[in-house]
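Please read the structure below before turning to the comments.
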Amino acid sequence: MEHRYDHVAIEQKWQARWDADKTFRVVNPGDEGFDPSRPKQYILDMFPYPSGEGLHVGHPIGYIGSDIFSRYMRMKGANVLHPMGFDSFGLPAEQFAVETGVHPRVTTESNIANYVRQLKAIGLSYDWDREFATTDPDYYRWTQWIFIRLFEAWLDPDAGAARPIAQLIASLEAGEREVDGTPWSDLNEMDRRAHIDGLRLAYLDEVMVNWCPALGTVLANEEVTREGRSDRGDHLVFQRPLRQWMLRITAYSDRLAEDLDLVEWPESVKAMQRNWIGRSEGSRIDFPVAGSDARIEVFTTRPDTVFGATYMVLAPEHPLVESLIADTWPDGTKEAWAGGGSDPSEAVSAYRAEAARKSELERQTEVKDKTGVFTGSFCVNPVNDRLIPIFVADYVLMGYGTGAIMAVPGQDERDWEFAEKFGLPIVRTVQPEEGFEGNAYLGDGPAINSGFLDGLGVVEAKAKTIEWLEAEGFGAATVSYKLRDWLFSRQRYWGEPIPILHGPDGEMRAVSDTDLPLLLPEVDNYRPASMDDEDADPAPMLFNAPDDWKYVEIDGERWERELNTMPQWAGSCWYYLRFTDPGNDEYLAGSEAEQYWMGERGVDLYIGGVEHAVLHLLYARFWHKVLFDLGHVSTAEPFGRLFNQGYILADAFQDGRGVYVPAEKVEMVGDTFMYEGEEVVRSSGKMGKSKMNSVNPDEFFVDHGVDTLRLYEMFMGPLGDSKPWTTRDVVGIERFLQRLWRNYVDPDSGELLITDEPPDEELRKLLHRTIKSVTADMLDLRFNTSVARFFELNNALVALDAVPREIADAFVRLLSPMAPHVAEELWERMGGQGSVCFAEWPEFDEALAAEETVTMVVQVGGKIRDRIEVPIDISEDAARRAALGSEKVAAHLAGEPTRVIVRPPNLVNIVP
RNA sequence: GCCCGGGUGGCGAAAUCGGUAGACGCGGCGGACUUAAAAUCCGCUGUCCCCUCGUUGGGGCGUGCAGGUUCAAAUCCUGCCCCGGGCACCA
């Protein structure tokens, strides 16, 4: 048995050859060997953060899927761009540096080397010549360059698109634009600068941030859990105001939502993005404050209910609160409204202090119990001139709308609760449906108690109210979004330095493009100043940089470098562009390469985890649209087709204390699971280090093989579903590959068992059905059913002494995207030219793929009573006659049928 | 609470146009080969019932639950239950 299937030898041989031959290198337009007659396919995986743990078998399932598709597309004749790189800035390497003093660059480099080794061991067909990491200065140079473009751009409302700030200044100087009615020439230098800085897409702002002392950085809202802890590490997070870099993603809210229509993405991901953007149409309404010139501006989606507004609420942080505090409680102030305060000032101050103290978690848990306090002031409801009291309550959020609402308890459940608790009037302004028994009524119905709106339905009443508000100067139709601007600074070391200089008088200037990359300075230690002291002020790590880095002399003045770094999301916002032209040192990506690879629909297939449904994909789309507006890229959207692979789950086991124990060492004894003599409890979850249920790929490849892993992971079920890993099931794939080998190669002599005799008709038909089925599965990434078809074809070859070449040849081609190593080996042994990776994909003959006969089902009253083999093209008449002629059918028929439904060639249903 | 997915044999799953439910694989059972075992090969395997045990013997039931539409429903509709994911006082 010298020549039996030796997966280790075969897999190592072909991986070495692909590496040496650069088999999967793909050239750009203009390069030698480029073939413009071929269509392009850009097939991309979401690149990984190279963690110290390396890969387990659950990680690469998406990579295997995209690899199969890439290999298929090459065989279909496409120029395939299929690259891989590393998202290598980030916290773990830096935290390791804090603990050990090892430079994050060192950790990162060794982790990347390990990842590359592991990825190559899976036989993934990347063009490794295009590999880069986001931490490479040649790469982050352009990340910084894009930041400068954001800094130097604003959203021109006339164009509905980003334009260079320089154009804005030119039109201001030319008098084509003014600053809030003031000509540019009338403004001093400081005001001009403030105006411009306030319009930039990258701007500084004093905002409430999530400050995490343990990590020594602020975090974006998305990086904070609902419990008010850091997403990474689960550390406490505190709210505090801080001057931070922000990116004006909200300027793109509508385009980010609307352009989802242009892409082929899972509807669920589109829905998540639309939800996140949270567009809602409504109206701004101004409520004049009684006895004052001030007005409180509210946002409402229900302007039609304005007659039912019986009180107002401001968020505790609302800037107008201070000015609304009355000196004394007015007559009629209920005890509950005062919150125990002897005067409004005391009551409101106490309430605001309490609200500021509350953590996110407390606010969450107290949702059902509304709190608030009366300011002592009143508004005038503009539609009916009624005086309504103004409250401060934390159920109104400063971050949404205007931070103030008109409260309409009759049509809003939250307002109803508050009104009941505080004894405020409740007026219904929409007539509820007959039989309605709830509190607030949110449905449609005729307006009541609403003056000029009475009798109108909700839609008409909204329109009429807005018309009235606009005519009377009390408001206008408007749109509100949940999406907030993107908090872009971090106080960490291991990130891209933000390339901005601060002048002595507060002037900001971007680092010149020619001075990029702005390299990270070397520092002595990586420990943030604030890490051990929760009360210490947030200080960027780069504060530790040497002075000759921190300060720059320009025209005799000392400018300070920005000390914040970018968040990890930055590098992944545009890496797909760099892959089109990774070596370019003059531009982020050459136009010709960018236009070719990104042409039409951008990335043709982007595979990654659904956990990036919102953040990464929204941020990347935002940057892409800015670059598009500024003419640096050629498509409106970066990712034409998105696919989310599922996760690989695995049994995990916990001991009596709830601690996970190594799953591979758990033994089943009867119905119970034992680990080191102790009974453990089984659960299931995502494979990973924390659950101690990972399967190591290096060992798996030795024991079972790479092709086995690839086929098994594809065979487990649909690529998009999460499914449990079962090592026991792997044997089915191993048997398949061994059987395949024995069909082609005599295990004793090593002789090829291929004959030039043609196959019999049945086998040929089976082949063509297989080609048809596998080809159809490719485009939909339904590889699980393809593997089933391979089993069927393979099993049909077992009984033969030799496999007809016609079958053997096509089968190897079909198999090669999924099991490329064994396919290469068999291809070579059969005398195939070159690599099977570039062999033509087999075509099927429709006539051969079609069945000649089919089993027709005959039903009586919907129950199957007979099955008859009939020609596939049987006529309706013949089918009817065959069915009615069946003895078995006759036995179930008492008399003449009332009706006969004939659907040739599949079915006849006789209704008795 | 709202918005998405999803519930099919002992297990992973097929069936994506409303027309044979359970392809393919695992596991299980039986057989061949072998001194034996492994490997390999062959057969059976949703479930219950019946018989004159048949190389397509006959029948009932069956795709989370309860209804409905239809000649016909895993597939369409209504209500409900359960599981997973996202959002969550968003005015």
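Only heavy atoms go into these numbers, but all of them, side chains included; no hydrogens, no water, no symmetry mates. Below, chains carry the letters A, B, ... as their sequence lines are ordered, and counting in each starts from 1.
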Separation of [N] [atom2] from [X] [atom1] (nearest whole Å):
X: F736(A); N: A23(B); atom1: CZ; atom2: C1'; result: 16 Å
X: Q738(A); N: A38(B); atom1: CD; atom2: C1'; result: 13 Å
X: L442(A); N: A91(B); atom1: CG; atom2: C1'; result: 12 Å
X: I277(A); N: G86(B); atom1: CD1; atom2: P; result: 18 Å
X: H616(A); N: G86(B); atom1: NE2; atom2: P; result: 18 Å
X: H612(A); N: G86(B); atom1: NE2; atom2: P; result: 13 Å
X: W416(A); N: G1(B); atom1: CH2; atom2: C1'; result: 18 Å
X: Y441(A); N: A91(B); atom1: OH; atom2: P; result: 19 Å

Report the residue from T305(A), D304(A), T300(A) that forms a side chain to side chain donor-acceptor pair (under 3.5 Å) with R302(A).
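Per the side chain to side chain donor-acceptor pair (under 3.5 Å) rule, the option paired with R302(A) is D304(A), out of T305(A), D304(A), T300(A).
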Residue pair T250(A) / Y481(A), side-chain heavy-atom distance below 4.5 Å:
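Answer no - side chains too far apart.
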V479(A) versus S280(A): any side-chain heavy-atom pair under 4.5 Å?
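They are not in contact (no side-chain heavy atoms under 4.5 Å apart), so the answer is no.
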Complement of [N], any strand, by Watson-Crick or G-U distances under 3.5 angstrom:
N: A36(B); value: none
N: U70(B); value: none
N: C11(B); value: G25(B)
N: U56(B); value: none
N: C80(B); value: G64(B)
N: A88(B); value: none
N: U16(B); value: none

Whole-angstrom distance between [N] and [M], as gauged at atom [atom1]:
N: G22(B); M: U75(B); atom1: C1'; answer: 15 Å
N: U8(B); M: A74(B); atom1: C1'; answer: 7 Å
N: C65(B); M: G10(B); atom1: P; answer: 14 Å
N: C77(B); M: G5(B); atom1: P; answer: 12 Å
N: G46(B); M: G85(B); atom1: P; answer: 34 Å
N: U63(B); M: U52(B); atom1: C1'; answer: 36 Å
N: G30(B); M: G18(B); atom1: P; answer: 44 Å
N: A13(B); M: A21(B); atom1: C1'; answer: 13 Å

For R782(A) and for R484(A), locate the closest nucleotide of RNA chain B by heavy-atom distance; then report the residue assigned to the nucleotide nearer the 5' terminus.
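Nearest-nucleotide comparison on RNA chain B picks R782(A).
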Hey, which sits more toward the 5' end of RNA chain B by its nearest nucleotide, Y395(A) or E267(A)?
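Checking each residue's closest nucleotide, the 5'-ward one belongs to E267(A).
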Heavy-atom count around E852(A) CD within 6.0 Å, excluding the residue itself: above 12?
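No, CD of E852(A) has 12 or fewer neighbouring heavy atoms, counting only those of other groups under 6.0 Å.
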Going 5' to 3' through nucleotides 6-14 of chain B, assign each nucleotide B (protein heavy atom under 4.0 Å from a base atom), S (under 4.0 Å only from sugar-phosphate atoms) or - (no protein heavy atom that close).
----B-BSS
Should the pair [X] and [Y] be assigned to parallel (<30°), tilted (30 to 60°) or perpendicular (>60°) ring geometry?
X: Y400(A); Y: F299(A); result: perpendicular
X: F673(A); Y: F653(A); result: tilted
X: F811(A); Y: F790(A); result: tilted

Can you check G46(B) for me, syn or anti if syn means within 90° of 0?
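Classified anti.
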Distance test, side-chain N/O of S280(A) to OP1/OP2 of A91(B), below 4.0 Å:
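Indeed, a polar side-chain atom of S280(A) lies that close.
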Is there a side-chain contact between R735(A) and the phosphate of C41(B), meaning an N or O under 4.0 Å from OP1 or OP2?
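Answer is no, no contact under 4.0 Å.
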Under 3.5 Å, is there a donor-acceptor pair linking the side chains of [X] and [Y]?
X: E611(A); Y: Y647(A); result: yes
X: R903(A); Y: N909(A); result: no
X: T770(A); Y: E792(A); result: no
X: N693(A); Y: D651(A); result: no

Is there, by distance only and without an angle test, a donor paired with an acceptor across the side chain of K482(A) and the base of C87(B) below 3.5 Å?
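When only heavy-atom distances are counted, K482(A) does not reach the base of C87(B) through any donor-acceptor pair under 3.5 Å.
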Every protein N/O within reach of nucleotides 55-64 of chain B N/O, cut-off under 3.5 Å:
residue	atom	partner	partner atom	Å
G59(B)	OP1	H892(A)	NE2	2.8
G60(B)	OP1	R865(A)	NH2	3.2
C61(B)	OP2	K863(A)	NZ	3.3

So which protein N/O to nucleotides 69-72 of chain B N/O distances come out below 3.5 Å?
residue	atom	partner	partner atom	Å
C71(B)	OP1	R899(A)	NH1	3.0
C71(B)	O2'	N909(A)	ND2	3.1
C71(B)	O2	N909(A)	ND2	2.6

Shortest side-chain distance from F791(A), nucleotide among A91(B), G86(B), C24(B):
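The listed nucleotide nearest to F791(A)'s side chain is C24(B).
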Among C89(B), C24(B), G19(B), find the nucleotide with the atom closest to the side chain of L397(A).
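My answer, after comparing the listed nucleotides, is C89(B).
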Pi-cation contact, W265(A) with R621(A) (under 6.0 Å, within 45°)
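Yes.
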Closest heavy-atom contact between V430(A) and Q411(A)?
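The answer is N-OE1, 3.3 Å.
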Step by step, would you call D415(A) with K370(A) a salt bridge (Lys or Arg N to Asp or Glu O under 4.0 Å)?
CA-CA 9 Å; D415(A) 296 344; K370(A) 295 275 180 294; over 6 Å; no
Students often get this wrong, so: under 4.0 angstrom with heavy atoms, is N644(A) touching a base, only sugar-phosphate, or nothing?
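Contact class for N644(A): none.
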Mind checking if V731(A) touches a base, just sugar-phosphate, or nothing, with heavy atoms under 4.0 Å?
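Counting heavy atoms under 4.0 Å across all strands, the contact made by V731(A) is with sugar-phosphate only.
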Intermediate values then yes/no, side chain to side chain contact (heavy atoms under 4.5 Å, CB included), N439(A) and W416(A)
CA-CA 7 Å; N439(A) 297 329; W416(A) 181 289; 3.1 Å; yes
